[in-house]
2 protein chains.
Amino acid sequence: MPPLAATRNSILPPRGRKYDQVLEGARQVFMADGFEGASVDEIARVAEVSKATLYKYFADKRMLFMEVANNECQRQAGAALDNIVLAAPPREVLGQTGRHFLGFITSRFGQQIFRICVAESDRFPELGRSFYESGPAVMRAELACYFAQACARGELVIDDYILAADQFGELCKADLWMRLIFGVIKEVSAAEIDRVIDNAVETFLARYGT
Amino acid sequence: MPPLAATRNSILPPRGRKYDQVLEGARQVFMADGFEGASVDEIARVAEVSKATLYKYFADKRMLFMEVANNECQRQAGAALDNIVLAAPPREVLGQTGRHFLGFITSRFGQQIFRICVAESDRFPELGRSFYESGPAVMRAELACYFAQACARGELVIDDYILAADQFGELCKADLWMRLIFGVIKEVSAAEIDRVIDNAVETFLARYGT
DNA sequence: TTGGAAGTGAACCGATCCGTTTATATGCTG
DNA sequence: CAGCATATAAACGGATCGGTTCACTTCCAA
């Protein structure tokens with residue numbers, strides 16, 4: 001599509017502020033092409049905004065990227081583990097949590113944000129940390145919190161909640177994630193997810209269950 | 001070091017062929033800067049070779065990179081798990097293997113090659129697969145092989161060797177690796193490694209031990 | 001209506017980089 | 001010494017990209 005930019009935003013009245021347009025366009029392009037791969041011109045085009053306007057709101061490409069990344073991290077942290085039922089028995093909680101977790105990290109979106117964070121964490125040292133704090137660290141804390149309560153109820157026996165949470169998280173990946181990241185497989189079937197999660201729960205409870 | 005290229009290779013007689021110089025220079029630069037970050041001029045400079053010579057041996061930058069990556073993968077696969085003693089008891093074998101594995105993936109080199117494979121597996125679809133096959137897949141197979149023998153001796157009870165191997169590999173990371181990749185921590189202490197590995201073995205044997 | 005802020009499109013600058021070319025130098029072989 | 005393949009330095013072409021500038025338009029509020 002060479003020119004074609006004649007779509008105009010005639011339908012929508014004033015529409016959201018230009019700032020948001022830029023952010024949304026940047027989100028799309030960065031997610032699709034990474035940091036280096038994304039060109040500011042393309043972002044401006046997708047955002048249906050002139051490059052001059054873009055640079056009125058964001059000092060440079062790095063700042064724009066950081067803003068997008070932080071937004072994504074926060075959004076993701078929000079929808080993380082709302083549905084954890086602290087009173088339910090371990091087997092059920094672990095299964096649900098694991099499935100949710102695995103579902104996210106194997107999603108197209110989860111993969112892409114991980115890719116970018118890994119690739120760009122040299123250029124943006126804060127990016128990796130920020131992502132970790134608002135992503136994996138949150139799940140770890142929530143899970144540890146649940147473990148504490150389950151232990152109090154005598155349903156689990158754990159000395160190091162944090163390490164146990166880490167172990168469960170890792171068990172849920174069980175190579176599925178590795179093969180996805182490296183493109184050995186393109187997607188995972190529901191059956192594979194079930195098998196991995198069930199076995200993760202089984203192994204976890206073998207150690208920590210009562 | 002601006003010019004400084006006056007070192008000349010006077011000391012070494014004919015030295016390895018120019019081809020190898022290029023490959024070695026490319027290895028250094030790619031490992032340090034990634035694919036996009038590495039400039040061909042810098043590679044030629046580090047390799048102490050003219051750019052024209054470089055392009056006589058390699059069609060383009062991508063080809064050169066693939067060659068470097070494949071070499072690294074093979075080299076790494078070789079030094080993988082030579083020291084696995086198939087007759088030793090599980091607790092010992094798992095501990096040693098886990099320590100070796102964790103040592104590699106937390107090393108500067110292991111981190112860097114992982115970074116590059118992740119970042120560039122869009123551009124080079126074969127790269128990720130190649131790395132996986134000659135890296136994680138090898139350890140998985142070796143471990144599964146050991147499990148089979150240990151089961152035959154009644155030391156372990158495992159129905160799915162592959163999945164068990166994956167689980168152990170994941171348990172060995174236990175968030176340590178994640179924090180490294182994202183730059184949350186810069187290096188891991190020996191004590192942390194011991195703690196993670198010991199707990200990985202413990203959890204694994206709780207499920208599969210006899 | 002008017003004036004100023006906000007937005008636009010396009011051109012432009014400087015820098016980087018890949019890959020090629022050219023003119024020269026070096027070293028090996030007969 | 002002659003001849004040829006190989007290597008070198010340096011420059012260049014073509015392309016991309018980040019970021020700026022500028023002349024022009026649109027919109028809104030006083």
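Lettering follows sequence order; numbering is per chain, from 1.
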Exercise. Considering only side-chain heavy atoms of R17(B), which listed nucleotide, dA7(D), dG18(D), dT21(C), is closest?
Worked result: dA7(D)
Seminar exercise, completed: Under a 4.0 Å heavy-atom cutoff, the residues of residues 27-43 of chain A touching DNA chain D are A38(A), S39(A), V40(A)
Problem set entry | For atom CZ of R45(A) and atom C1' of dG18(D), their distance in whole Å | 16 Å
Exercise. Out of dG18(D), dT21(C), dG19(C), which has the shortest distance to the side chain of A52(B)?
Worked result: dT21(C)
Exercise. K51(A) has a side chain; which of dA6(C), dG18(D), dA9(D) sits nearest to it?
Worked result: dG18(D)
Exercise. For K61(B) and dC17(C), what is the distance between atoms NZ and P respectively, to the nearest whole Å?
Worked result: 8 Å
For this session: Not counting sequence neighbours, which residues clear salt bridge (Lys or Arg N to Asp or Glu O under 4.0 Å) with R195(B)? List them please.
Result: D160(A)
Exercise. Nearest-Å distance, CD (E48(B)) to C1' (dT8(D))?
Worked result: 13 Å
Exercise. NA contact type, Y57(A), heavy-atom cut-off 4.0 Å: base, sugar-phosphate, or nothing?
Worked result: sugar-phosphate
For this session: Could you tell me which non-hydrogen atom of L94(A) sits nearest to which non-hydrogen atom of F168(A), and how far apart they are?
Result: O-CZ, 3.2 Å
Problem set entry | Among dC18(C), dG7(C), dT20(D), the nucleotide that comes nearest once only the side chain of Y55(A) is considered | dT20(D)
Problem set entry | Row check, F35(A) ring normal vs K61(A) NZ/CZ: under 6.0 Å, within 45° | yes
Problem set entry | dT8(C) phosphate, OP1 or OP2, under 4.0 Å from T53(A) side-chain N/O | yes
Exercise. Side-chain N or O of K18(B) less than 4.0 angstrom from OP1 or OP2 on dT8(D)?
Worked result: yes
For this session: Determine whether the aromatic ring centres of F58(A) and Y19(A) lie less than 6.0 Å apart.
Result: yes
Exercise. Parallel, tilted or perpendicular: which describes the rings of W177(B) and F114(B), with under 30° parallel and over 60° perpendicular?
Worked result: perpendicular
Problem set entry | Nearest-angstrom distance from the residue atom CG of L54(A) to C1' of dT8(C) | 13 Å
For this session: Indicate yes or no: at least one non-hydrogen side-chain atom of F30(B) is less than 4.5 angstrom from one of I43(B).
Result: yes
